[in-house]
Structure formats: structure tokens, C-alpha cells
Student: 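After the C-alpha cells below, expect a handful of questions from me.
All values reported here derive from a predicted model rather than from experimental measurement.
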Amino acid sequence: RVVCRHGMKPGDPEPPAFAETLRCARDGRWIVVDVKCPTEIGARGGSYTPYSGGAMHIVVTGQLSNAGIIRANGYDGWASGSSEVGGGGSVWISAKRMIGGGPIRANGQDDRRADGIGGGGRVALYLTGAGETFADYTGKIEAYGGHNKNCTTYYGAGTVYLHTADEDDEGGTLIINGGATNGKICALTEFTTDVTETSYDTVIITNGASVKLYKNTTITVRKDWLNYGTYAAEVADAENAAGTVVFTNAAATSHIIGKNPFAAFTCVTPGKRFAFGTGANDLFSIVAGGKLLLRGEDADGKRIELGPDTADAKWTISIADGASADMEGLSVTWSDASASPTKPTAKNSVDSGDNVDWTFVNIKVGEVITWAGAVSASWNQPGNWQTEEGKARVPAETDVIVIPGGLTTYPQLGESVKMNTVRVESGAQLDLATYDLTLTGDLTVAGRLVAQKVERIEVEGDISFAADSF
């Protein structure tokens with residue numbers, strides 16, 4: 001069964017000016033993009049009359065053999081000497097088995113003008129036969145963005161999604177391939193809240209592709225994150241969550257490869273294991289304003305394991321000043337944090353050896369931790385705090401927080417926090433900085449508690465304010 005829809009042609013309603021993102025237009029309306037079951041036609045690539053890629057859905061009960069070309073490309077303006085270009089459309093194929101060497105394409109097309117390039121489309125391929133893999137299909141599978149005549153400007157890559165019968169609905173592999181093998185970086189492939197179906201087994205970013213994850217958008221990964229291109233994400237603010245990558249599935253080791261400046265990296269799956277890249281181009285980092293959340297150890301004592309993907313080699317972690325790192329119930333080995341502005345602290349965790357500049361602490365309920373302000377005003381900087389035992393770490397939810405007077409630098413929240421008890425002593429200050437404060441114990445303010453916007457304070461115990469303190 002084959003279902004097709006033609007792409008844009010002259011006289012069709014005007015689409016968005018550029019097709020560099022994961023969104024396309026049809027009949028002048030924005031539509032939600034489905035990476036796994038794509039049906040969108042392409043959008044125009046520039047300010048001239050567009051011809052974009054169409055959409056096709058091919059369902060084969062048996063085997064699909066492709067010795068030809070299956071394509072939903074945008075109009076090829078470069079080949080014809082025209083300025084008319086368009087974005088790639090959609091190819092969605094389901095078959096018991098796929099063989100052959102013919103290409104499958106949903107490419108944005110090229111142009112002589114730097115501002116008239118088509119963005120990549122979407123390809124989704126499903127194998128329905130048990131045990132079948134894509135190893136038998138040797139053809140290229142492409143959703144490249146177009147480029148200009150001199151190959152100096154590449155537009156955003158589209159998506160290729162591969163799924164086998166042995167994978168469930170949350171699995172499959174997402175490939176974002178820019179097709180730029182000359183070292184150029186493509187324009188952004190943008191994941192916004194418009195994008196649906198964002199759970200995968202593996203995510204691959206390659207050949208110049210540049211991916212950005214916007215606020216309130218989450219990608220869930222169960223196996224590997226392989227970034228050979230460029231990745232960025234927006235951090236949270238008081239009203240919006242960060243662009244977040246969540247890892248699940250304790251049964252699989254997740255390999256984290258490439259330079260990855262995460263705005264939010266989350267795993268709360270006990271027993272999960274991470275293997276981080278150890279090469280010169282591998283760096284696991286949390287940006288300023290970002291958050292690292294790792295919480296392992298269940299009733300069976302299963303921890304989240306952090307280690308290298310190469311035996312006896314160091315993997316590098318960097319947590320920016322102003323970032324938040326909430327790590328508990330871990331087992332860590334062969335990690336180098338010597339260049340990290342914020343040194344990582346793992347609570348109730350195991351130092352499994354060969355770690356540099358990590359701190360491992362066991363936290364007691366009701367432990368007193370005091371603000372020192374030795375590094376900055378960041379609440380989430382371990383060096384700004386000191387426990388009763390003289391150790392530097394970020395406050396835990398069960399702590400009693402003391403902020404003494406007589407200092408030059410005082411804390412400012414970088415996210416909403418939940419604590420036990422907070423005491424702001426005379427001459428001291430705590431700036432909520434638009435974030436909420438939740439306490440399971442008491443709040444005592446003899447100094448100043450500063451609110452800047454619409455902060456919310458919830459206290460389950462008692463509140464005491466001295467004169468002129470709030």
C-alpha cells in the first residue's frame with residue numbers, strides 16, 4: 001500500500017521563510033512534527049517560489065527490495081540553475097524485511113544563494129519481521145539539509161528514525177545527520193514542545209548536525225547518546241523547565257560520547273550504568289544554570305554506576321559555577337573533575353577508585369551546614385558551604401542551613417529548593433532570586449530575606465522574622 005501527498009508548488013499558501021527546523025507548514029498552518037510516524041510535506045527554503053518535498057507512506061506486508069531511489073526531496077534549484085528550492089518532505093516505510101542498495105532520501109535541496117536553502121525532512125523506517133535488522137539494507141538513508149554553491153552554509157538536518165520488531169514503541173534509533181563531511185556546522189535542528197514522540201533507545205548526532213533542545217522539552221534515552229556533532233539546550237527559569245535529557249532502562253549501559261553541554265541531565269533509575277567517552281573530543285558537562293540529577297540505590301542497594309567506556313582511562317566531568325548537581329546513591333570510577341569550576345559531590349555514594357577532585361560524603365539527617373561564600377554567590381557551589389566536619393558540599397534536603405553575618409558574599413538561589421531548616425542570622429542575607437523555598441522544618445530570619453518577583457515560601461514548621469528582615 002502506498003499513500004503519497006505532493007509537496008508545495010507555486011500558488012500554494014505561504015509557508016515559513018526557512019525550513020531549518022523540525023517544523024513544517026501545510027496550508028499556511030503550523031503542524032506538529034511526528035518524528036516516528038512522519039506525514040508532513042516540506043516547507044520552502046527561501047524567499048522565492050517554493051517546490052518542497054512531498055510525503056509518502058509505504059506499507060509492505062512482505063519484503064521491500066529497493067534497487068532504485070525512494071525520495072521526497074525538495075526542489076533541486078542548484079541542478080537547474082534556478083533560485084527555487086524547498087525543504088525535504090517525509091518518507092515513512094513499514095516492511096517485514098528491507099534489502100537492496102538504493103538510497104532513501106528526504107533531503108532539503110541546495111541553492112546558489114546562501115539564504116535560499118532547504119532544511120532536511122523526515123525518514124522513518126520500520127521492520128516488522130521478528131529478528132530482522134537493517135544490516136541487510138546497504139542503501140544510504142538521508143534527511144540532509146541543503147547547502148549553498150560553495151558548501152560554506154548548511155541548513156538544518158532532518159531526522160532518520162529506525163525501528164525493528166524487537167523494539168517497543170519507546171525504542172528505536174534517532175539519527176540526525178547533517179551530511180557535512182567538510183567540518184562545517186549545520187544550522188540548528190530544533191526540538192521544541194511541538195515535536196512529539198521523543199523517547200528512543202539511541203540518539204546519534206553526526207556529520208555537522210547541530211541540535212538544540214528548547215525549554216519544556218524532554219528527550220528520553222534508554223541506551224546511547226552519541227554526539228559527533230554539536231548539542232545545546234536551554235536552561236530553566238522560574239516559569240519553564242530546562243531542555244532535559246532523561247536516561248532510563250537499568251538493563252542497558254548508556255554510552256555518552258562527544259562534547260555534551262547539558263542543561264539538564266537526569267537519571268533516577270537504580271542499577272543504571274553509564275560509560276563516558278575518554279577521548280580528546282569527549283566532555284560531559286553541565287552548563288551554568290543547568291542541573292545534574294542522579295539518584296540511585298534502591299531497597300536492593302543498586303547504585304547508578306559512572307565509569308569510562310575505555311578501561312583504565314579517565315572520563316572528564318565539568319559542572320559550571322551556578323549549575324546544580326544533585327547526586328546520591330552512585331558508584332564512581334576513573335573520573336577527572338580537576339578542571340570543573342564546581343567540584344562534584346556524591347552523597348551516600350561509593351568512591352570506586354581513580355577519581356580526581358570528587359567528594360564523597362555520608363549525610364546525617366539534621367546535619368548543620370554553614371554558608372561560607374568562599375567562591376561565589378551560587379547556592380549550588382560546594383565550595384561555598386562547610387559541614388560541621390569541615391567538608392565542602394551542596395546542602396541536602398535534610399540539612400539545617402545556617403547563613404551567618406559578617407561576610408561579604410551571600411547566597412542566591414539558582415533553582416527552587418527544598419530543605420529542612422534555614423536560619424538567616426543577623427547581618428546575613430538570602431536572595432530567593434525568583435525561585436521558591438520549601439522547608440520541612442523552621443525558618444528563622446534575623447537578617448534579610450530578599451524576594452524579587454513572585455517567589456513562594458512554604459514552611460511546615462515555625463516562622464520567625466526579626467524587625468526589617470523581609
Student: Judged by modelled atom types alone, do E455 and Y435 share a side-chain donor-acceptor pair under 3.5 Å?
Tutor: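 No.
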Student: Any carboxylate oxygen within less than 4.0 angstrom of a Lys/Arg side-chain nitrogen, looking at E458 and R456?
Tutor: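 Yes, charged N to carboxylate O under 4.0 Å.
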Student: Keeping to residues at least two apart or across chains, list the ring pair (Phe, Tyr, Trp, His ring centres under 6.0 Å) pairs with something in residues 375-395.
Tutor: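 Sorted pair list: W371-W385, W379-W385.
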Student: Please evaluate residues N384 and S376 with respect to the criterion side chain to side chain donor-acceptor pair (under 3.5 Å), reporting the C-alpha separation (whole Å), side-chain torsions for both, the decisive distance (0.1 Å), and the verdict.
Tutor: CA-CA 7 Å; N384 287 328; S376 65; 3.2 Å; yes
Student: Are S254 and W225 close enough, and set up right, to give a side chain to side chain donor-acceptor pair (under 3.5 Å), and what steps lead you there?
Tutor: CA-CA 7 Å; S254 286; W225 177 275; over 6 Å; no
Student: Give a yes or no on whether the backbone of S416 and the side-chain of D436 come within a donor-acceptor separation of less than 3.5 Å.
Tutor: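 The answer is no, because no donor-acceptor pair under 3.5 Å joins these two groups.
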Student: Hey, are D336 and S338 close enough side-chain-wise for a donor-acceptor pair under 3.5 Å?
Tutor: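 The criterion, which ignores hydrogens and geometry beyond distance, is satisfied for D336 and S338.
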Student: If we count only N and O atoms by modelled type, under 3.5 Å, do the side chains of S352 and S331 hold a donor and an acceptor together?
Tutor: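 Yes.
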Student: Counting distance only, does the side-chain N/O of W315 pair as donor-acceptor with the main-chain N or O of L283 below 3.5 Å?
Tutor: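 Checked: no pair found.
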Student: Please evaluate residues K302 and E297 with respect to the criterion salt bridge (charged side-chain N to carboxylate O under 4.0 Å, His left out), reporting the C-alpha separation (whole Å), side-chain torsions for both, the decisive distance (0.1 Å), and the verdict.
Tutor: CA-CA 5 Å; K302 296 178 181 177; E297 194 166 16; over 6 Å; no
Student: For residues E415 and S324, is any side-chain donor paired with an opposing acceptor at under 3.5 Å?
Tutor: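 Short answer, yes.
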Student: Would a distance-only check, ignoring hydrogens and angles, find a side-chain to backbone donor-acceptor pair under 3.5 Å from H163 to E170?
Tutor: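 Not confirmed, H163 side chain does not pair with E170 backbone.
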Student: Is any side-chain heavy atom of N348 less than 4.5 Å from a side-chain heavy atom of L330?
Tutor: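 A side-chain contact is absent here, since even the closest heavy-atom pair is not under 4.5 Å.
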Student: Please name the pair of heavy atoms, one in T440 and one in K418, separated by the smallest distance, quoted to 0.1 Å.
Tutor: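 T440 and K418 have their closest heavy atoms at CG2-CE, 3.7 Å.
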Student: To the nearest 0.5 Å, what is the distance between CZ (F134) and OG1 (T164)?
Tutor: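 One finds 7.0 Å between CZ of F134 and OG1 of T164.
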Student: Kindly give the heavy-atom pair with the smallest separation between N420 and G366, and that separation in Å.
Tutor: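 Nearest heavy atoms, N420 then G366: ND2-CA, 4.2 Å.
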Student: Rounded to the nearest 0.5 Å, what's the gap from CG on L162 to CG on D201? Could you check?
Tutor: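 CG of D201 is found 11.5 Å from CG of L162.
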Student: Find out whether Q452 and Q412 are in side-chain contact, i.e. whether some heavy atom of one side chain is under 4.5 Å from a heavy atom of the other.
Tutor: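 Yes - at least one pair of side-chain heavy atoms lies under 4.5 Å apart.
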Student: Once the angle between the rings of F284 and F265 is folded into 0 to 90°, is it parallel (under 30°), tilted (30 to 60°) or perpendicular (over 60°)?
Tutor: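 The rings of F284 and F265 stand perpendicular, inter-plane angle above 60°.
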Student: I219 vs T244, test: side-chain contact (heavy atoms from CB on, under 4.5 Å). Steps then yes/no.
Tutor: CA-CA 6 Å; I219 292 179; T244 303; over 6 Å; no
Student: Between T434 (side chain only) and A238 (backbone N and O only), is there a donor and an acceptor less than 3.5 Å apart?
Tutor: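 A pair under 3.5 Å: no.
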Student: Could you tell me which non-hydrogen atom of T217 sits nearest to which non-hydrogen atom of T193, and how far apart they are?
Tutor: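 The pair with the smallest heavy-atom distance is OG1-N, 3.3 Å.
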Student: Identify whether the distance between the nearest side-chain nitrogen and carboxylate oxygen of D282 and K314 falls below 4.0 Å.
Tutor: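 A salt bridge is absent here (no side-chain N lies under 4.0 Å from a carboxylate O).
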Student: Are the side chains of I176 and F191 in touch, meaning some heavy atoms are under 4.5 Å apart?
Tutor: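 SC-SC contact between I176 and F191 confirmed.
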Student: To check you understand the geometry: which heavy-atom pair defines the closest contact between I304 and C267, and what is its length?
Tutor: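 Nearest pair, atom of I304 first, then C267: CD1-O, 3.4 Å.
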Student: Does D237 use its side chain to pair, donor to acceptor, with the backbone of N240 at less than 3.5 Å?
Tutor: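 It does hold such a pair.
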Student: Is there a donor in the side chain of K212 and an acceptor in the side chain of T189, or the other way round, less than 3.5 Å apart?
Tutor: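 K212 vs T189: no donor-acceptor pair found between side chains.
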Student: Just by modelled atom types, is the D169 backbone N or O under 3.5 Å from a matching donor or acceptor in the K36 side chain?
Tutor: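 Present.
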Student: Please report whether the ring centroid of Y126 lies less than 6.0 Å from that of Y161.
Tutor: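 That pair passes the under 6.0 Å test.
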Student: Residues in side chain to side chain donor-acceptor pair (under 3.5 Å) with E388, at least two apart?
Tutor: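 By the side chain to side chain donor-acceptor pair (under 3.5 Å) rule, E388 matches no residue at all.
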Student: When you compare the side chain of D399 with that of E367, does any pair of heavy atoms fall below 4.5 Å?
Tutor: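 Answer yes - side chains close enough.
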Student: Quick one: does N260's side chain have a donor or acceptor within less than 3.5 Å of a partner on G258's backbone?
Tutor: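 Pair found, side chain donor or acceptor close to backbone of G258.
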Student: What closest approach, in Å, do A320 and V287 show between heavy atoms, and which atom pair accounts for it?
Tutor: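 A320 and V287 have their closest heavy atoms at CB-C, 3.7 Å.
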Student: Quick one: do E425 and R448 satisfy salt bridge (charged side-chain N to carboxylate O under 4.0 Å, His left out)? Show the steps, please.
Tutor: CA-CA 8 Å; E425 296 183 345; R448 296 182 65 201; over 6 Å; no
Student: Distance check, rounded to the nearest 0.5 Å: N177 atom CG versus I175 atom CD1?
Tutor: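 Output value for this atom pair is 7.5 Å.
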Student: In plain terms, say whether K347 and D326 are close enough for a salt bridge, that is, a side-chain N and a carboxylate O under 4.0 Å apart.
Tutor: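 Salt bridge: yes.
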Student: Angle between ring planes, Y231 versus F262, binned at 30° and 60°: parallel, tilted or perpendicular?
Tutor: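 Taking F262 first and then Y231, their aromatic rings sit tilted (interplane angle of 30° to 60°).
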Student: Counting N and O atoms only, with roles assigned by atom type, does the side chain of T421 sit under 3.5 Å from a partner on the main chain of D442, one being a donor and the other an acceptor?
Tutor: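 Checked: pair present.
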Student: Can you check side-chain contact (heavy atoms from CB on, under 4.5 Å) on I403 and Y410, steps first, answer last?
Tutor: CA-CA 8 Å; I403 304 174; Y410 283 100; 3.7 Å; yes
Student: Could you state the interatomic distance from CG (L443) to OG1 (T438), rounded to the nearest 0.5 Å?
Tutor: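 OG1 of T438 is found 11.5 Å from CG of L443.
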Student: Could you tell me whether E167 and K223 have a side-chain N and a carboxylate O separated by less than 4.0 Å?
Tutor: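 Salt bridge between E167 and K223, a charged N being under 4.0 Å from a carboxylate O: no.
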Student: Evaluate the side-chain proximity of V221 to V246: yes if any heavy-atom separation is below 4.5 Å, no if none is.
Tutor: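 No, every pair of side-chain atoms sits at 4.5 Å or beyond.
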Student: I'd like to know if the side chain of T342 pairs up with that of Q381 as donor and acceptor (distance under 3.5 Å, no hydrogens or angles considered).
Tutor: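 There is such a pair (donor and acceptor under 3.5 Å, judged by atom type) between the side chains of T342 and Q381.
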Student: Grab the two heavy atoms, one from P308 and one from A313, that are nearest each other, plus how far apart they are.
Tutor: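 Minimum heavy-atom separation between P308 and A313: CB-O, 3.1 Å.
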Student: Can you list the steps and then say if I104 with Y137 is a side-chain contact (heavy atoms from CB on, under 4.5 Å)?
Tutor: CA-CA 11 Å; I104 299 174; Y137 191 80; 3.5 Å; yes
Student: Are L174 and V35 packed together at the side-chain level, in the sense that at least one heavy-atom pair is separated by less than 4.5 angstrom?
Tutor: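 Yes. Closest side-chain heavy atoms under 4.5 Å.
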Student: Are any non-hydrogen side-chain atoms of R303 and E328 less than 4.5 angstrom apart?
Tutor: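 In short, these two side chains do not touch, never coming nearer than 4.5 Å.
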Student: Could you state the interatomic distance from CG (D34) to OG1 (T196), rounded to the nearest 0.5 Å?
Tutor: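 Between D34 CG and T196 OG1, I get 3.5 Å after rounding to 0.5 Å.
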Student: Answer yes or no: is there a donor N or O on one side and an acceptor on the other, between the side chain of D321 and the main chain of S378, under 3.5 Å?
Tutor: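 Answer holds: no.
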Student: Are any side-chain N or O atoms of S349 and backbone N or O atoms of G329, one a donor and one an acceptor, separated by less than 3.5 Å?
Tutor: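 Yes: the side chain of S349 pairs with the backbone of G329.
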Student: With a 4.5 Å cut-off on side-chain heavy atoms, are V402 and I369 touching?
Tutor: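 No - every pair of side-chain heavy atoms lies 4.5 Å or more apart.
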Student: Show me the pairs that pass ring pair (Phe, Tyr, Trp, His ring centres under 6.0 Å) and involve residues 323-357, at least two apart or across chains.
Tutor: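 Non-adjacent pairs meeting ring pair (Phe, Tyr, Trp, His ring centres under 6.0 Å): zero.
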Student: Quick check for you: to the nearest 0.5 Å, what is the distance between I317 atom CD1 and M327 atom CE?
Tutor: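 It comes to 5.5 Å.
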Student: Distance only, no hydrogens: is a donor on one side chain within 3.5 Å (strictly under) of an acceptor on the other, for H255 and D224?
Tutor: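 Looking only at side-chain atoms, D224 and H255 do form a donor-acceptor pair, the distance falling under 3.5 Å.
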